[in-house]
Amino acid sequence: MNFRLEFQSEAEQALVNLQKKDPKKYKKVLKTLGLMATNLHHPSLQTHKYRSLSGPNGEDIFEAYVESRTPAAYRVFWYYGPGQGVLTVLAITSHP
């Protein structure tokens, strides 16, 4: 199943900032977002439920890896919805 990605303003701003600040990481994030849209179960995403957050209406939050074992590795946080076939990206951030 393919998904359409929607971005909360914080995630959209993080993507814009990353494009200016670190074009290499920006490309990696774009690759991750592309995989999320076309193959959410791709092994490199290491997608899993993130238990300490919930969405604005109580949705389960999930985390996808941009990279896993590098300093300041990036993660994408998202939830299903609103609606069928949509993922909402909450945040794109570095993860220690």
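Values reported hereafter were calculated over all heavy atoms of this structure, with side chains retained and with hydrogens, waters and symmetry mates removed.
In this structure, Trp78 and Leu40 approach most closely via the heavy-atom pair CH2-CD2, 3.6 Å.
Hydrophobic clustering keeps Phe3 apart from Tyr65 (ILVMFWY residues linked when any side-chain heavy atoms are closer than 4.5 Å, directly or through intermediates). Under a hydrophobic clustering in which Ile, Leu, Val, Met, Phe, Trp and Tyr are joined whenever their side-chain heavy atoms come within less than 4.5 Å, directly or via other members, Tyr80 and Leu53 fall into different clusters. Using a 4.5 Å cut-off between side-chain heavy atoms of Ile, Leu, Val, Met, Phe, Trp and Tyr, with links allowed through other members, Ile61 and Leu5 fall into different hydrophobic clusters.
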Determine all donor-acceptor pairs shorter than 3.5 Å in which one atom belongs to a side chain in residues 84-93; sequence neighbours excluded.
residue: Thr88; atom: OG1; partner: Gly81; partner atom: O; Å: 2.4

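Shown here are the side chain to side chain donor-acceptor pair (under 3.5 Å) partners of Glu10, two or more places apart in sequence or in another chain: there are none. Remark: Phe77 engages Tyr50 in a ring-ring contact (aromatic ring centres under 6.0 Å, His included) (not counting sequence neighbours). Residues passing the salt bridge (Lys or Arg N to Asp or Glu O under 4.0 Å) test with Glu12: none are found, sequence neighbours excluded. For the side chain to side chain donor-acceptor pair (under 3.5 Å) test, residues two or more places apart in sequence or in another chain that qualify with Glu63 are His48, Arg75. Here Lys24 pairs with nothing under the side chain to side chain donor-acceptor pair (under 3.5 Å) rule; sequence neighbours left out. Under the salt bridge (Lys or Arg N to Asp or Glu O under 4.0 Å) criterion, Lys21 pairs with no residue, sequence neighbours left out. Here Asn17 pairs with Gln13 under the side chain to side chain donor-acceptor pair (under 3.5 Å) rule; sequence neighbours left out.
Under a 4.5 Å side-chain heavy-atom criterion applied to ILVMFWY residues, the cluster that includes Val16 comprises that residue alone.
In this structure, CD on Glu59 lies 5.0 Å from OH on Tyr79, to the nearest 0.5 angstrom.
In this structure the side chain of Leu45 reaches within 4.5 angstrom of the side chain of Met36, judged on heavy atoms.
Listed by first then second residue, pairs satisfying side chain to side chain donor-acceptor pair (under 3.5 Å) with a partner in residues 30-42 read His42-Ser44, not counting sequence neighbours. The list of salt bridge (Lys or Arg N to Asp or Glu O under 4.0 Å) pairs with a residue in residues 35-57, not counting sequence neighbours, reads Lys49-Asp60.
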side-chain contact (heavy atoms from CB on, under 4.5 Å) evaluation trace for Lys28 with Tyr74: CA-CA 9 Å; Lys28 290 179 181 183; Tyr74 270 72; over 6 Å; no

